[in-house]
Amino acid sequence: MKSLFKETVHQEIEERIKRLSNNSTPIWGKMEVSQMFFHCQFPLKIALQKEHPELKPNLLAKLFFKKAMYNDKPWKKNLPTHAKLKVADSKDFEKEKEQLLTLISEFSNQRDKKDWDPHPMFGKFTYDQWGKMQYKHLDHHLNQFNV
């Protein structure tokens, strides 16, 4: 599994994002591209301690879904999104794109940080797991928009 802590992977993700336009349409799901940009900011903000959503620790999630956050198996299309992470309203394409790119760079630039705070829902992740998890989430949604 690729990691967002690798500079080449960081560049790959940025290039894929830059290929999207306001008219890009998903091949599955209901989000518009600007909503996807906004949605993809949540996990990065959580990792960077910029947002503290009320996600309660969940034993079932830890036991059955935590490994899926960072393993090599792709996520299925149309997976349900936690209610607190859903995006229903319209978003500004350029603003959300730039904010996402900024957060991706900020996260990737933390590649020397080895001690990360626990995830509010899943608990402790290792350095490698944080990098892989962020890549996997972004890759899933960029695949959703066929880039």
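Scope of the values below: all heavy atoms of this structure, side chains included, with no hydrogens, waters or symmetry mates. Residue numbers run from 1 in the order of the sequence given.
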For [X], all residues meeting ring pair (Phe, Tyr, Trp, His ring centres under 6.0 Å), sequence neighbours excluded:
{"X": "Tyr135", "answer": "none"}
{"X": "Phe145", "answer": "none"}
{"X": "Phe93", "answer": "Phe37"}
{"X": "His141", "answer": "His39, His137"}

Partners of [X] by side chain to side chain donor-acceptor pair (under 3.5 Å), sequence neighbours excluded?
{"X": "Lys77", "value": "none"}
{"X": "Lys132", "value": "none"}
{"X": "Glu7", "value": "Gln11, Arg111"}
{"X": "Glu98", "value": "none"}

Next on the checklist: Are more than 12 heavy atoms, taken from residues, nucleotides or ligands other than Lys113, located less than 6.0 Å from that residue's NZ atom?
Outcome noted: yes
Next on the checklist: Taking atom NZ as the centre, does Lys73 end up with more than 12 heavy-atom neighbours from other residues, nucleotides or ligands that are less than 6.0 angstrom away?
Outcome noted: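 Atom NZ in Lys73 is not crowded, with 12 or fewer foreign heavy atoms closer than 6.0 Å.
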Checklist entry - Would Ile46 and Met121 count as a side chain to side chain contact (heavy atoms under 4.5 Å, CB included) if you check the C-alpha gap in whole Å, the side-chain angles of each, and the deciding distance to 0.1 Å? => result CA-CA 10 Å; Ile46 290 169; Met121 186 173 180; over 6 Å; no
Applying side-chain contact (heavy atoms from CB on, under 4.5 Å), name anything that partners [X], two or more places apart in sequence or on another chain.
{"X": "Asp92", "value": "Glu94, Lys95"}
{"X": "Lys86", "value": "Thr81"}
{"X": "Gln129", "value": "Tyr70, Phe125, Thr126"}

Next on the checklist: If only side-chain N and O atoms count, and only distance matters, is there a donor-acceptor pair under 3.5 Å linking Gln134 with Ser108?
Outcome noted: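 There is no such pair between these side chains.
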Checklist entry - Do His140 and Gln144 have side-chain N/O donor and acceptor atoms under 3.5 Å apart? => result no
Next on the checklist: With a 4.5 Å cut-off on side-chain heavy atoms, are Glu106 and Leu48 touching?
Outcome noted: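 Side-chain contact under 4.5 Å: yes.
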Checklist entry - Phe122 versus Lys67: any side-chain heavy-atom pair under 4.5 Å? => result no
[X] side chain vs [Y] backbone, donor-acceptor pair below 3.5 Å:
{"X": "Gln35", "Y": "Asp89", "result": "yes"}
{"X": "Lys136", "Y": "Ala68", "result": "yes"}
{"X": "Gln99", "Y": "Phe38", "result": "no"}

Gap separating the [atom1] atom of [X] from the [atom2] atom of [Y], nearest 0.5 angstrom:
{"X": "Ile13", "Y": "Ser105", "atom1": "CD1", "atom2": "OG", "answer": "11.5 Å"}
{"X": "Phe107", "Y": "Trp130", "atom1": "CZ", "atom2": "CH2", "answer": "7.0 Å"}
{"X": "Leu101", "Y": "Glu96", "atom1": "CG", "atom2": "CD", "answer": "11.5 Å"}

Checklist entry - Taking it one step at a time, do Val87 and Phe42 satisfy side chain to side chain contact (heavy atoms under 4.5 Å, CB included)? => result CA-CA 11 Å; Val87 183; Phe42 284 121; 4.3 Å; yes
Checklist entry - Tell me the salt bridge (Lys or Arg N to Asp or Glu O under 4.0 Å) pairs involving residues 16-34, sequence neighbours left out? => result Glu12-Arg16, Arg16-Asp139
List the atom of [X], the atom of [Y], and the distance in Å for their closest heavy-atom pair.
{"X": "Pro43", "Y": "Cys40", "value": "CD-O, 3.5 Å"}
{"X": "Gly131", "Y": "Ser3", "value": "CA-OG, 3.4 Å"}
{"X": "Leu44", "Y": "Ile104", "value": "CD1-CG1, 3.7 Å"}

Next on the checklist: Would Trp28 and Asn143 count as a side chain to side chain contact (heavy atoms under 4.5 Å, CB included) here? Give the steps.
Outcome noted: CA-CA 9 Å; Trp28 78 81; Asn143 286 332; 4.2 Å; yes
Checklist entry - Among the clusters formed by ILVMFWY side chains lying less than 4.5 Å apart, do Trp116 and Met1 turn up in the same one? => result yes
Item to check | Full working for side chain to side chain contact (heavy atoms under 4.5 Å, CB included) between Leu103 and Lys50 | outcome: CA-CA 10 Å; Leu103 288 166; Lys50 292 178 174 279; 3.9 Å; yes
